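So the structure is just underneath, and the comments pick up after that.
Heavy-atom basis, side chains included; hydrogens, waters and symmetry copies ignored. Remember, predicted model here, so these are calculated numbers, not experimental data. One is the number of the first residue; the rest follow in order along the sequence.
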Amino acid sequence: MSNETVIPLGEYADGDFYPGYEPRLESRPFLAEPLAPFTREDESRFWMRDSQHFSEGITPASMGLLEDAQTWGTQYGAEIVGIPPTAGMVNRIAGVHVYLGQCPITSPWQIGTRAERFGAFAGPRLADFATYWAGYRAELEAAYAHFDGLDVDALSLDELHDALKDAHAFHRRGWGVHFEVMYLLAANYVGFFQLATDLGLDTGQIAQWLAGEETSYLHTDAELWRLAGRARELDVAAALTEPTVEAVRAALDAAPQGTTWWAEFEAFLEVWGQRTDETATMDRPSWAEHPATPLASIREFLTRPEGHDFAAARRDVLAERDRLVDSARATLTEEGRVAFDQALASNRSANFVWWNEEHNFLIDRRIHLPVRRLTLAVADRLVADGRLGAREDVFFLFRHELLDMLAGGGPSDVPALVVARRDYYDHWSARGSELPPVVGNVPDAVHDPIMTELFGLTPEYFATIKAQGTAKSLSGFAAGRGTVVGTARVVRAAQDIDQVRDGDVLVCGGTTTEWTPVFGLVVGCVTDTGGTLSHTAIIAREYGIPCVVGTGVATSTISTGDRVRIDGDRGVVEVLA
């Protein structure tokens with residue numbers, strides 16, 4: 001068709017992948033389509049680079065986690081819930097970088113029968129969402145207690161093998177729960193969106209009508225600010241300016257009150273440190289293992305002695321929420337108000353805006369940690385037995401290869417394979433900034449509610465992608481109200497958020513929970529991706545900063561040091577100089 005916009009896959013469609021890779025279908029039962037490297041046939045479909053969750057390259061060990069999460073998990077959740085127009089999502093890999101696409105359902109019969117099934121599934125769960133979610137929370141917490149309680153040093157190699165298989169089974173189960181609940185809530189939210197549209201209301205306000213609920217990650221941020229205050233009280237702030245965890249610890253040991261502060265910090269990590277800086281990444285330590293990220297946040301918070309008043313910010317959010325709701329209701333007929341009030345009550349009790357942040361604490365940033373812990377325990381045994389050269393080499397084995405090694409098989413020449421895969425990873429990881437944010441055939445819309453509401457793949461987003469050029473004015477979703485002018489700081493990976501300084505305008509592909517602390521520092525935020533329910537939109541509103549998400553091309557148009565104006569009321573970003 002002459003009006004098609006196709007962004008070529010180029011060299012990414014050559015099927016190049018990690019040396020020695022042999023696909024093995026492991027995830028069942030609902031797998032509409034498997035994870036795979038790009039091929040030329042993929043150019044006829046649309047693919048978005050998932051820089052929100054996987055900003056860096058992914059190792060072989062993490063590939064199984066990715067399959068459990070986005071490929072199998074979304075397809076399982078869509079099947080269980082019965083979302084009518086989508087069978088979930090699927091991943092493609094360019095080098096070592098993750099792209100995401102939709103598995104659409106086009107059959108009218110399938111769409112119709114799934115709609116009926118969705119209604120039967122959703123009704124009772126939305127009617128008592130608190131009990132529904134509490135059951136899953138209890139299941140997840142019980143599993144964590146089991147895996148955290150394992151004495152890995154006392155397990156035999158066979159017992160480690162079985163425990164590792166259990167950890168992978170739990171990881172897959174957790175992602176099934178994740179997307180079952182997410183699709184349920186997303187569909188309910190989309191229904192509210194459609195009602196607001198039919199009533200002539202401003203749909204850009206919907207997330208604000210649901211805002212103000214406290215989450216574990218806002219609590220984490222408050223604790224980090226409190227620890228910054230304690231560093232001043234105990235006169236150990238200077239020790240926290242050291243550039244590494246080891247140097248900080250040494251400086252604190254030499255300070256009179258240093259051990260007191262470190263003990264409080266360790267108590268914080270015990271509760272809030274079971275998280276990593278990216279999703280489904282085997283090779284990244286948790287905060288509890290290596291607390292570089294929270295220490296960097298505290299160090300930057302020390303530059304702002306006045307701190308951040310979380311209570312005042314929440315009062316402002318709640319006041320604005322109630323004002324906007326009252327204003328919306330005032331425009332409606334009595335019949336419209338009844339429908340609006342019912343939908344609002346449903347979406348507040350089954351609150352996607354709250355849950356989309358809260359669930360990360362139990363699932364996204366934590367659920368792979370039992371797999372990581374047991375994998376490293378296995379690696380230590382294999383190193384001791386001379387079957388693995390170094391502990392970190394295990395990250396360059398695919399899941400099935402490691403399990404095969406534990407069963408007496410595995411690759412024939414592991415050392416050579418690890419070297420080849422390290423070289424491959426280093427080559428493609430270094431090229432991350434070259435990869436386009438989207439590839440393939442750019443559509444006018446997608447029909448997966450998660451891709452629309454979380455990733456911001458709206459018709460407006462696709463129009464922006466099709467018209468992208470060198471324009472100095474960008475349009476996106478107005479996620480945080482207000483206008484601000486500031487200096488841009490372009491950050492491409494979660495591990496680089498320590499580059500953010502007080503007063504910056506954050507420009508990035510998209511944010512997830514590990515970015516939350518920097519929102520207490522920046523004066524505004526602009527992202528390539530993200531929709532009404534994205535982490536960026538939710539947190540920007542909670543912190544009260546101007547924000548525009550889903551611009552499509554912010555990181556390729558704006559450079560660090562540019563002066564930019566964010567209009568968070570109109571969803572417009574201008575590059576001034």
Side-chain angles (χ1 to χ4, degrees), residues 28-33 45-46 70-90 100-133 135-136 175-201 203 206-207 209-210 335-336 338-353 355-356 359 443-459 461-462 531-533:
R28 289 176 171 85
F30 303 112
L31 187 62
E33 186 179 350
R45 300 167 61 182
F46 172 75
Q70 280 193 341
T71 301
W72 182 84
T74 61
Q75 293 171 20
Y76 174 89
E79 180 69 19
I80 291 296
V81 176
I83 294 293
T86 180
M89 294 176 264
V90 64
L100 187 64
Q102 182 186 13
C103 299
I105 292 176
T106 57
S107 160
W109 176 81
Q110 289 190 45
I111 291 174
T113 191
R114 288 171 72 94
E116 291 182 10
R117 180 152 56 89
F118 170 75
F121 178 90
R125 290 162 180 83
L126 292 175
D128 189 5
F129 180 78
T131 300
Y132 168 64
W133 175 238
Y136 279 146
W175 281 105
V177 168
H178 175 287
F179 283 107
E180 175 191 314
V181 179
M182 181 169 277
Y183 272 119
L184 173 68
L185 293 180
N188 195 43
Y189 182 92
V190 169
F192 192 20
F193 187 100
Q194 186 59 55
L195 174 67
T197 301
D198 295 342
L199 294 174
L201 299 175
T203 56
I206 298 176
W209 299 337
L210 306 175
E335 182 181 4
V338 170
F340 175 84
D341 289 346
Q342 289 176 344
L344 178 63
S346 175
N347 276 264
R348 281 188 174 173
S349 64
N351 193 326
F352 200 174
V353 173
W355 184 87
N356 197 38
H359 82 278
D444 294 326
V446 294
H447 303 289
D448 186 300
I450 293 177
M451 298 186 79
T452 301
E453 301 303 330
L454 268 70
F455 290 99
L457 302 187
T458 62
Y461 173 88
F462 290 119
T532 57
L533 298 178

What residues, two or more places apart in sequence or in another chain, satisfy side chain to side chain contact (heavy atoms under 4.5 Å, CB included) together with Thr203?
-> Phe193, Ala196, Thr197, Ile206

Residues two or more places apart in sequence or in another chain: which of them pass salt bridge (Lys or Arg N to Asp or Glu O under 4.0 Å) with Glu33?
-> Arg45, Arg92

Phe340 ring center near Trp209 ring center (under 6.0 Å) = yes

Partners of Thr452 by side chain to side chain donor-acceptor pair (under 3.5 Å), sequence neighbours excluded?
-> none

Donor-acceptor contacts under 3.5 Å from residues 103-113 side chains, at least two apart:
unit_1: Ser107; atom_1: OG; unit_2: Trp109; atom_2: N; d: 3.3
unit_1: Ser107; atom_1: OG; unit_2: Gln110; atom_2: N; d: 3.1

Let me see the working for Glu453 and Ile450 under side-chain contact (heavy atoms from CB on, under 4.5 Å), right down to the final yes or no.
-> CA-CA 5 Å; Glu453 301 303 330; Ile450 293 177; over 6 Å; no

Tell me, please, which residues at least two apart from Phe118 pass ring-ring contact (aromatic ring centres under 6.0 Å, His included).
-> none

Please name the residue in the list Phe462, Tyr461, Phe455 that meets the ring pair (Phe, Tyr, Trp, His ring centres under 6.0 Å) test with Phe46.
-> Phe462

Output, in order, the C-alpha distance, side-chain angles, deciding distance and verdict of side-chain contact (heavy atoms from CB on, under 4.5 Å) for Leu210 and Leu344.
-> CA-CA 8 Å; Leu210 306 175; Leu344 178 63; 3.9 Å; yes

For Phe179, check ring-ring contact (aromatic ring centres under 6.0 Å, His included) against everything at least two apart and list the hits.
-> Trp175

Which residues satisfy the side chain to side chain donor-acceptor pair (under 3.5 Å) test with Gln70, sequence neighbours excluded?
-> Asp50, Asn91

Under the side-chain hydrogen bond (donor to acceptor under 3.5 Å, both in side chains) rule, what pairs show up with a residue in residues 338-349, not counting sequence neighbours?
-> Asn188-Ser346, Arg329-Asp341

Applying salt bridge (Lys or Arg N to Asp or Glu O under 4.0 Å), name anything that partners Asp128, two or more places apart in sequence or on another chain.
-> none

Please identify each residue that fulfils ring-ring contact (aromatic ring centres under 6.0 Å, His included) with Tyr132, with sequence neighbours left out.
-> Phe129, Tyr136

Can you name the residues that form a salt bridge (Lys or Arg N to Asp or Glu O under 4.0 Å) with Arg117, not counting sequence neighbours?
-> Glu79

Contacts of type ring-ring contact (aromatic ring centres under 6.0 Å, His included), residue Tyr183, not counting sequence neighbours | none

